[in-house]
Amino acid sequence: CADAWAIAKSEDLDEAVVSRVVGVFCRSAIEAACSEAITRKRLAEGEDYATVESLLDSTKGLLELLALALFDDVSRTKDVVPSLDKGIGRWAVSAYRGVQDASHKPIAREALLGLVEDSEKLARGLVQLR
């Protein structure tokens, strides 16, 4: 997220480039937090590291990683957004949707700063999942 902050605040780069790069960095932070939470939980339950890595490698995208982190069930993707909304807050849904959108369309610089803040907060929360 530190890199996302630096790029989001940079005035020397094209706005479309800034949006895309910041979105990718924020998404990577959320993905890494999910992976850390999943790995910690499964290793604590006695799974071996190779099995956990294989599971993580088999996920297809952020939504499946979030389902695995939140519910320990990759098939519960339809429950992710409602869970983020009710369990954490609307800002968490905005962070999830924002990182998805930023990869495909430019986002205004002011909105990017909010995206970085919300993504960082979501990532910190995900890392703490048990």
Side-chain angles (χ1 to χ4, degrees):
C1 289
D3 291 336
W5 278 114
I7 291 172
K9 293 177 181 179
S10 171
E11 296 180 12
D12 299 333
L13 299 170
D14 177 68
E15 202 164 305
V17 171
V18 168
S19 177
R20 178 140 171 88
V21 171
V22 168
V24 168
F25 281 171
C26 290
R27 179 187 174 109
S28 293
I30 295 169
E31 288 173 341
C34 288
S35 295
E36 184 176 330
I38 293 161
T39 300
R40 185 183 325 98
K41 180 181 186 300
R42 288 181 170 257
L43 290 177
E45 292 173 350
E47 258 184 74
D48 64 274
Y49 189 75
T51 302
V52 176
E53 279 297 303
S54 179
L55 174 65
L56 292 172
D57 288 344
S58 73
T59 59
K60 295 173 183 72
L62 180 57
L63 191 59
E64 285 191 3
L65 264 178
L66 282 164
L68 198 53
L70 294 170
F71 311 114
D72 200 30
D73 185 349
V74 75
S75 71
R76 291 188 58 190
T77 56
K78 67 183 180 329
D79 298 327
V80 168
V81 171
S83 179
L84 290 175
D85 187 24
K86 291 178 185 164
I88 300 174
R90 172 99 12 227
W91 64 267
V93 175
S94 294
Y96 163 69
R97 290 189 173 140
V99 298
Q100 301 292 73
D101 290 346
S103 337
H104 304 291
K105 60 184 177 186
I107 295 176
R109 200 170 299 263
E110 300 79 32
L112 278 178
L113 295 174
L115 176 62
V116 176
E117 181 179 355
D118 289 347
S119 298
E120 185 172 35
K121 191 163 53 168
L122 179 56
R124 288 183 194 277
L126 290 166
V127 164
Q128 295 175 7
L129 288 175
R130 301 279 173 214

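Checked options T51, D48, D72; the residue passing with R42 is D72 (criterion: side chain to side chain donor-acceptor pair (under 3.5 Å)).
Within the model, atoms CG of L68 and CG of L129 stand 11.0 Å from one another, a figure rounded to the nearest 0.5 Å. I107 CD1 to K105 NZ: the interatomic distance, rounded to the nearest 0.5 Å, is 7.5 Å. Atom CD1 of I30 is separated from atom OH of Y96 by 10.0 Å, given to the nearest 0.5 angstrom. Y49 OH to E53 CD: the interatomic distance, rounded to the nearest 0.5 Å, is 3.5 Å. The structure places CG of D118 at 10.5 Å from SG of C1, a figure rounded to the nearest 0.5 Å. Distance check, rounded to the nearest 0.5 Å: CG of L66 to CD1 of I38 gives 8.5 Å.
Using a 4.5 Å heavy-atom threshold, the side chains of L112 and I7 count as separate. The closest side-chain heavy-atom distance from V81 to R97 is below 4.5 Å. Contact check for W5 versus V22: no side-chain heavy atoms found under the 4.5 Å cut-off.
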Legend entry - Criterion side-chain contact (heavy atoms from CB on, under 4.5 Å) on T39 and E36, from CA distance to verdict: CA-CA 5 Å; T39 300; E36 184 176 330; 5.9 Å; no
Inset, instruction - Could you walk me through whether L122 and L84 pass the side-chain contact (heavy atoms from CB on, under 4.5 Å) test, one step at a time? - result: CA-CA 9 Å; L122 179 56; L84 290 175; 4.2 Å; yes
Legend entry - Worked check of salt bridge (Lys or Arg N to Asp or Glu O under 4.0 Å) between K121 and E117: CA-CA 6 Å; K121 191 163 53 168; E117 181 179 355; 5.5 Å; no
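When every heavy atom of S83 is checked against every heavy atom of F71, the shortest pair comes out as CB-CZ, 3.5 Å. Nearest approach of R27 to L62, heavy atoms of both residues: NH2-N, 3.3 Å. Of all non-hydrogen atoms in A4 and C26, the two that sit nearest each other are CB-SG, 4.1 Å. The shortest heavy-atom contact between L115 and A95 is CD1-O, 3.7 Å.
Clustering ILVMFWY residues whenever any of their side-chain heavy atoms sit less than 4.5 angstrom apart, transitively, puts V99 in the very cluster that holds L70. Linking Ile, Leu, Val, Met, Phe, Trp and Tyr residues whenever their side-chain heavy atoms come within less than 4.5 Å places V116 and L113 in a single cluster. By the rule that hydrophobic residues join a cluster once side-chain heavy atoms approach within less than 4.5 Å of another member, L63 and W91 end up as members of one cluster.
Note on E45 versus K41: salt bridge recorded, some NZ/NE/NH1/NH2 to OD/OE distance being below 4.0 Å.
Under a 3.5 Å cut-off, the side chain of R40 and the backbone N or O of V127 do form a donor-acceptor pair. Judged by distance alone, with hydrogens and angles left aside, the side-chain atoms of T59 form a donor-acceptor pair with the main-chain N or O of L56 at under 3.5 Å. Proximity of a side-chain donor or acceptor of S19 to a complementary backbone N or O of E15 within less than 3.5 Å is not detected. Without hydrogens or angle criteria, E64 side chain to K60 main chain gives a donor-acceptor distance under 3.5 Å. With hydrogens and angles disregarded, a donor-acceptor distance shorter than 3.5 Å links the side chain of S35 to the backbone of E31.
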